[in-house]
Amino acid sequence: RVIAAAPPVKQQSSIAPAPVISKKSSEIGLIRRVPLPITSAQLLASIQSNLNKGSADKPPNATLWVCLEKLKTDWSTARRIASRIADPKYSLKQFNADLAAFPELNLYLLDEKPMAAAARHTTGAGMSSGRTIGDEFQRTIGAFFAIYWLMRLDVDGKDGFSNGVDDEWRPITDLESDDVTITQADKREKFKNQAEWTFFRKLLFDAGLLEEKKSTGMFKTTTKVQVNETRLVSLLALTAMHDIMKMSMILPEVQKEHAPYHGYAG
């Protein structure tokens, strides 16, 4: 059993195999990372090839053009996520697969080391703050997973948010404190049982992600809580792009015809 904010995957085609985790006696509280989609690996290979060939300067950044040219957000899939996110049958595994709707997520995989020679001619930089390739991707996927669980507090969100999922992407409901692969089982259980979940729920209402819809029948008025799908799609899009400017390889560059600009060379 694995406690994870990011579960292992067993798909054959669209997702790479889950990484192998050693179980040394000294390793306690292991966390698995979300495997990178095969489509992302293919795209990165294509980007590498195009950068090696050289690219014409295109504002605001040539590398950004290479990464996203001809790619579009799949808004139909994004809207499907919003319409199904509270559906008990809509699994975290499917949600993770549907996140491919946002091509911007691939930008979090950019790193100078695997693209060193090709990238330097553009900006001469890579990930900031000493991050390794994929770290920012993992953080962003973690933010998406938090949204998924919080929108499902009346379904399985409390278990998933507190305990993570097992090898089959199912929320873990029962914790075993003597399992070395469990990170702070006692604290997780305490959080699940004592957290002010009503505060989380209020936050969702205050953000406009959840709303009450009243319907009047012949004898009584009923109130139903529903997802504001338009607002949720906006949040998903914001989450996908909110940190891409941490990737120094794709920061806007002063164009030659505008240089110098407030001390920045072209």
Side-chain angles (χ1 to χ4, degrees), residues 1-21 31-47 67-68 70-110 133-173 209 227 229-244:
R1 181 171 291 180
V2 177
I3 297 297
V9 181
K10 297 182 179 179
Q11 292 182 345
Q12 286 78 31
S13 56
S14 60
I15 305 292
V20 176
I21 297 182
I31 299 177
R32 285 192 176 181
R33 296 159 66 90
V34 176
L36 305 183
I38 289 178
T39 52
S40 293
Q42 294 170 340
L43 179 61
L44 287 175
S46 175
I47 292 172
C67 293
L68 293 182
K70 298 180 181 180
L71 297 179
K72 294 182 178 180
T73 300
D74 185 349
W75 291 112
S76 62
T77 298
R79 287 189 289 269
R80 183 174 70 242
I81 293 174
S83 67
R84 296 200 60 201
I85 198 163
D87 183 350
K89 296 181 180 179
Y90 186 59
S91 67
L92 181 68
K93 183 177 182 179
Q94 184 59 56
F95 174 73
N96 183 58
D98 286 343
L99 292 179
F102 300 101
E104 294 86 357
L105 290 176
N106 293 308
L107 297 176
Y108 295 111
L109 299 174
L110 293 178
I133 186 168
D135 280 356
E136 204 61 51
F137 176 85
Q138 298 294 328
R139 294 186 181 98
T140 302
I141 295 298
F144 272 115
F145 284 7
I147 293 171
Y148 173 86
W149 294 126
L150 290 175
M151 295 298 293
R152 299 168 61 89
L153 290 181
D154 293 334
V155 185
D156 51 11
K158 296 177 184 178
D159 287 323
F161 192 88
S162 304
N163 303 330
V165 296
D166 60 19
D167 290 344
E168 301 300 324
W169 294 77
R170 293 186 298 257
I172 295 174
T173 57
L209 296 170
V227 176
E229 296 179 13
T230 300
R231 184 65 65 93
L232 181 56
V233 168
S234 299
L235 177 61
L236 295 174
L238 175 62
T239 304
M241 68 179 70
H242 79 288
D243 261 352
I244 58 175

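Values below: all heavy atoms of this structure, side chains included; hydrogens, waters and symmetry mates excluded. Computed from a prediction, not measured in an experiment: that's the story for all the values here.
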Could you state the interatomic distance from [atom1] ([X]) to [atom2] ([Y]), rounded to the nearest 0.5 Å?
| X | Y | atom1 | atom2 | answer |
| --- | --- | --- | --- | --- |
| Gln138 | Leu109 | CD | CG | 9.0 Å |
| Thr140 | Glu104 | OG1 | CD | 11.5 Å |
| Asp243 | Leu107 | CG | CG | 12.0 Å |
| Thr173 | Asp156 | OG1 | CG | 10.5 Å |
| Leu232 | Ile85 | CG | CD1 | 5.0 Å |
| Met241 | Leu236 | CE | CG | 11.0 Å |

Minimum heavy-atom distance between [X] and [Y], given as atom pair plus value:
| X | Y | answer |
| --- | --- | --- |
| Pro171 | Gly160 | CB-N, 4.0 Å |
| Ala86 | Val227 | CB-CG2, 4.3 Å |
| Ala240 | Tyr108 | O-OH, 2.8 Å |
| Pro88 | Arg152 | O-NH2, 3.7 Å |
| Ala78 | Val233 | O-CG2, 3.7 Å |

Counterpart residues, side-chain hydrogen bond (donor to acceptor under 3.5 Å, both in side chains), relative to Asn106 (two or more places apart):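 Listed in chain order: Ser40.
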
side-chain hydrogen bond (donor to acceptor under 3.5 Å, both in side chains) against Thr77, all qualifying residues, sequence neighbours excluded: Asp74

Verdict with supporting geometry, Asn96 and Phe144, side-chain contact (heavy atoms from CB on, under 4.5 Å): CA-CA 9 Å; Asn96 183 58; Phe144 272 115; over 6 Å; no

Mind checking side-chain contact (heavy atoms from CB on, under 4.5 Å) for [X] and listing every partner two or more places apart, or none if nothing turns up?
| X | answer |
| --- | --- |
| Lys72 | none |
| Asp154 | Arg201 |
| Ala237 | Trp75, Phe102 |

Verdict with reasoning, Arg33 to Asp135, per salt bridge (charged side-chain N to carboxylate O under 4.0 Å, His left out): CA-CA 9 Å; Arg33 296 159 66 90; Asp135 280 356; 3.2 Å; yes

Any side-chain heavy-atom pair of Asp98 and Tyr90 under 4.5 Å: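 Touching, per the 4.5 Å side-chain cut-off.
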
With Tyr148 via ring pair (Phe, Tyr, Trp, His ring centres under 6.0 Å) - residues at least two apart: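 With neighbours one apart ignored, the set is Phe95.
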
side-chain contact (heavy atoms from CB on, under 4.5 Å) evaluation trace for Glu168 with Lys93: CA-CA 8 Å; Glu168 301 300 324; Lys93 183 177 182 179; over 6 Å; no

